[in-house]
There are 2 protein chains.
Amino acid sequence: MDKKQQILSAALRLFVANGFDGTPTAKIAIEAAVANGTLFYHYKTKEELIVALYNQLKEEQANYILPIITGSGFITDKFRDIFIHSVHWALSNPDKFYYIQQFNFSPHLAVVPKQVLKQQTIIYENFIEEGIKRKLLKQQDPELIIALFNGQVYGIYHYLTSAEFTPALREKTINESYEMVWDMMKYM
Amino acid sequence: MDKKQQILSAALRLFVANGFDGTPTAKIAIEAAVANGTLFYHYKTKEELIVALYNQLKEEQANYILPIITGSGFITDKFRDIFIHSVHWALSNPDKFYYIQQFNFSPHLAVVPKQVLKQQTIIYENFIEEGIKRKLLKQQDPELIIALFNGQVYGIYHYLTSAEFTPALREKTINESYEMVWDMMKYM
DNA sequence: TTATATTTAGACTGATTAATCAGTTTGTAA
DNA sequence: TTACAAACTGATTAATCAGTCTAAATATAA
């Protein structure tokens with residue numbers, strides 16, 4: 001029914017499989033079971049579609065984590081939850097996670113205003129800042145801690161997708177990795 | 001003189017600036033001050049050029065770290081050296097580091113045999129394994145430790161390239177980040 | 001009902017592009 | 001000199017692709 005969503009889903013599948021250059025708009029329309037004109041009716045250019053897809057996925061990713069930050073609970077538990085959830089989101093949505101990386105290392109990133117990108121991390125920043133003030137986290141720039149934290153999610157994603165793991169081993173690895181991440185971030 | 005190298009250098013500049021799709025082979029030839037046909041004389045297809053460039057950069061990156069591993073010195077000092085050097089290489093060669101990431105999240109990665117990719121990390125693996133056996137590092141899969149280690153390099157690269165830093169602050173940040181990385185990896 | 005938005009199919013275009021190819025230059029060695 | 005291969009040239013080609021256009025159909029809402 002929702003043709004716009006059909007187009008985005010088809011685009012995600014094809015861009016991940018064949019790259020930006022390797023996927024003609026015509027094929028996206030066919031894969032979405034939509035007329036050629038419909039694609040260009042909703043997205044003026046191919047680039048507009050590429051960026052719209054990125055924004056949707058970033059929002060989806062953020063919405064998956066947001067409830068943890070705003071919810072109740074001990075702050076230290078929240079750190080764990082955020083990490084575990086971030087990794088789980090990436091592993092349950094490998095295409096989406098991959099697309100975001102693919103986009104981040106492409107010239108398309110340049111067309112997203114810096115302000116928009118900044119806005120996406122501001123919620124994390126306030127949260128991390130609180131952890132630093134309470135002397136739970138190392139006394140470093142919150143942005144550095146976020147960058148290293150994201151680096152960890154990136155690292156473990158690569159590790160867990162480089163080979164086959166049983167679900168049990170996967171969970172064990174994620175939990176033990178968090179212990180390592182926590183050793184990295186914690187104050188003492 | 002060496003036209004092949006001219007082509008690779010030009011390709012690096014243009015691919016990083018405009019992406020794989022955004023750079024016609026014709027432009028690479030012009031930028032390299034070489035005839036169109038010369039490019040295809042050395043590289044049968046555009047893809048072959050893209051992959052050749054990737055392999056060269058990976059080799060260059062490895063050669064920068066290798067002497068540390070094989071050299072003399074305390075193993076714990078080597079861990080620090082490898083981290084610091086890895087970050088420095090990325091920061092001194094942002095184009096090359098960026099290209100490797102761009103390639104890693106592109107369909108071109110699929111054409112590199114897994115065996116070749118494995119071979120690139122085997123030297124690290126033996127080294128890490130020794131650290132684990134000696135109970136200097138946490139008792140985890142060496143590949144996991146390498147993945148998290150690389151995640152850190154990735155994270156700090158993003159942080160240090162997201163804004164301007166004075167050389168002094170940059171070095172301070174790298175050193176302090178290493179302390180955090182070490183807290184993550186060390187046995188106790 | 002009427003108007004407005006959305007959708008369809010596919011032919012079309014103008015520009016771009018990867019790759020080719022017939023021939024030229026260069027270095028070297030007989 | 002001659003011979004030969006490797007390196008190089010750049011105009012040409014055949015194909016592809018993003019985006020347009022048309023005219024009709026269908027849905028949505030005022």
Side-chain angles (χ1 to χ4, degrees), chain A residues 1-57 95 99 102-112, chain B residues 1-57 59 95 99 102-103 105-112:
Chain A
M1 270 302 122
D2 189 349
K3 307 262 171 180
K4 264 181 105 165
Q5 198 49 51
Q6 281 176 35
I7 293 166
L8 289 173
S9 301
L12 174 63
R13 256 172 284 137
L14 293 173
F15 283 142
V16 166
N18 312 312
F20 294 120
D21 50 332
T23 57
T25 52
K27 272 199 190 138
I28 297 173
I30 291 168
E31 175 93 0
V34 144
N36 189 319
T38 307
L39 191 153
F40 284 99
Y41 175 76
H42 290 292
Y43 305 99
K44 271 199 279 291
T45 64
K46 186 183 184 180
E47 171 133 334
E48 199 174 302
L49 167 63
I50 291 171
V51 173
L53 178 56
Y54 176 73
N55 286 329
Q56 194 193 53
L57 298 181
D95 280 8
Y99 183 86
Q102 189 180 27
F103 185 95
N104 279 336
F105 286 100
S106 81
H108 303 295
L109 181 65
V111 309
V112 181
Chain B
M1 268 297 124
D2 190 349
K3 309 248 172 182
K4 260 180 109 165
Q5 197 49 51
Q6 283 176 34
I7 292 167
L8 289 172
S9 301
L12 174 62
R13 256 172 284 138
L14 293 173
F15 283 142
V16 166
N18 313 311
F20 295 120
D21 50 332
T23 57
T25 51
K27 273 200 188 137
I28 297 172
I30 292 167
E31 175 94 359
V34 144
N36 197 322
T38 307
L39 192 154
F40 285 97
Y41 173 78
H42 291 291
Y43 305 99
K44 272 199 278 291
T45 64
K46 186 182 183 181
E47 171 134 334
E48 200 175 301
L49 167 62
I50 290 171
V51 173
L53 179 55
Y54 175 74
N55 286 329
Q56 194 194 51
L57 297 181
E59 203 188 318
D95 280 8
Y99 183 86
Q102 189 181 27
F103 186 95
F105 286 101
S106 80
H108 303 294
L109 182 66
V111 309
V112 181

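A quick note: this is a predicted structure, and the numbers were derived from the prediction, not measured. Chain letters run A, B, ... following the sequence lines, proteins first, then strands; residues in each count from 1.
- Look at H42(B) and you won't find any side-chain N or O under 4.0 angstrom from OP1 or OP2 of dA6(D).
- Side-chain nitrogen and oxygen atoms of T38(B) include none within less than 4.0 Å of the OP1 or OP2 phosphate oxygen of dA7(D).
- In terms of heavy atoms, L12(B) sits closest to D95(B) at CD1-O, 3.8 Å.
- If you measure from atom CD1 of I28(A) to atom P of dC17(D), you get 11 Å, rounded to the nearest angstrom.
- Comparing G37(A) and A26(A), the nucleotide of DNA chain D nearest to each residue sits closer to the 5' end for A26(A).
- Taking both residues in full, the closest heavy atoms of A10(B) and E31(B) are given as CB-CG, 3.5 Å, listed atom of the first, atom of the second, then distance.
- Each of F20(A), Y54(A), Y99(A), F15(A) was compared with H108(A) under the ring-ring contact (aromatic ring centres under 6.0 Å, His included) criterion, and only F20(A) meets it.
- Distances shorter than 4.0 Å separate some side-chain N or O of K3(B) from OP1 or OP2 on dT9(D).
- Following rounding to the nearest Å, Q5(B) (CD) and dA7(D) (C1') show an atom-to-atom distance of 17 Å.
- In this structure, F40(B) places its CZ atom 9 Å from C1' of dT20(C), rounding to the nearest Å.
- Following rounding to the nearest Å, I50(B) (CD1) and dT17(C) (P) show an atom-to-atom distance of 14 Å.
- Taking only side-chain nitrogens and oxygens, Y41(B) comes nearer than 4.0 Å to OP1 or OP2 of dA7(D).
- With rounding to the nearest 0.5 Å, the separation of CD1 in I30(A) from CG in L39(A) is 11.0 Å.
- When all heavy atoms of T23(A) and K46(A) are compared, the pair lying nearest together is O-NZ, 3.1 Å.
- Taking atom CG of residue L39(A) and atom P of nucleotide dG10(C), one finds them 16 Å apart after rounding to whole Å.
- Going from atom NZ of K44(A) over to atom P of dC21(D) covers 14 Å, rounded to whole Å.
- For the pair D21(B) CG and dT16(D) P, the computed distance is 18 Å after rounding to whole Å.
- Rounded to whole Å, the distance from CZ on F20(B) to P on dT17(C) is 16 Å.
- The nucleotide whose nearest atom lies closest to any side-chain atom of V34(A) is, among dA18(D), dA18(C), dT8(C), dT8(C).
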